[in-house]
Amino acid sequence: MTQPTQARIAYSDVEVGTELPARTFPVDRAALVRYAGASGDFNPIHWNERFAKEVGLPDVIAHGMFTMAEAIRVVTDWTGDPGAVVEYGVRFTRPVVVPDDGQGAVIEVGGEVAAKLADNTVRVDLTVTSAGQKVLGMSRAVVRLA
């Protein structure tokens, strides 16, 4: 059974190649601590610089699921309806390193309609980088449009 969508983008208004508005998301240590509290993931690689370096990381890193959640916001902002996302998956390719320098890191996300599918759905491919490096690979969402 097809669920109704509140998406504000009409399937007929998009074509393969339609670009979604790009976004940048700042990430600082405070955001990681808040995410740890909300998710229950208190792994010290996400908040303790000494520990992160002891295990071979360059510094504290953002949670992979935090990065994934920030990236899908480009799609949900575009559709106007988080419930329009039917499927979403990524490959974690590199960590988002978050230095304690008063600025932190930035996650940059762009997206494009890669395929028009059946039942008013489209596949959106996302490009997700931080510090000039791809941090999520195969980042794809299937979205039901109006």
Test item: Trp78 and Glu19 side chains (from C-beta on) under 4.5 Å apart, heavy atoms: no
Linked, directly or transitively: Val109 and Val85 (ILVMFWY side chains, under 4.5 Å): yes
Ring geometry between Tyr35 and Phe66 (parallel below 30°, tilted from 30 to 60°, perpendicular above 60°): perpendicular
Salt bridge (Lys or Arg N to Asp or Glu O under 4.0 Å) involving Asp100 - partner list, sequence neighbours excluded: none
Student check: side-chain heavy atoms of Leu136 and Phe92 closer than 4.5 Å: yes
Rounded distance [0.5 Å steps], CG in Asn43 versus CD1 in Ile61: 8.0 Å
Point-to-point distance, once rounded to the nearest 0.5 Å, from CZ of Arg29 to CG of Asp59: 5.0 Å
Minimum heavy-atom distance between Leu117 and Val142, given as atom pair plus value: CD1-CG1, 4.1 Å
For Lys53, all residues meeting salt bridge (Lys or Arg N to Asp or Glu O under 4.0 Å), sequence neighbours excluded: Glu49
Minimum side-chain heavy-atom gap Val128-Phe25 below 4.5 Å: no
Arg123 atom CZ, over 12 foreign heavy atoms within 6.0 Å: yes
Other residues, nucleotides, ligands: >12 heavy atoms within 6.0 Å of Glu112 CD: yes
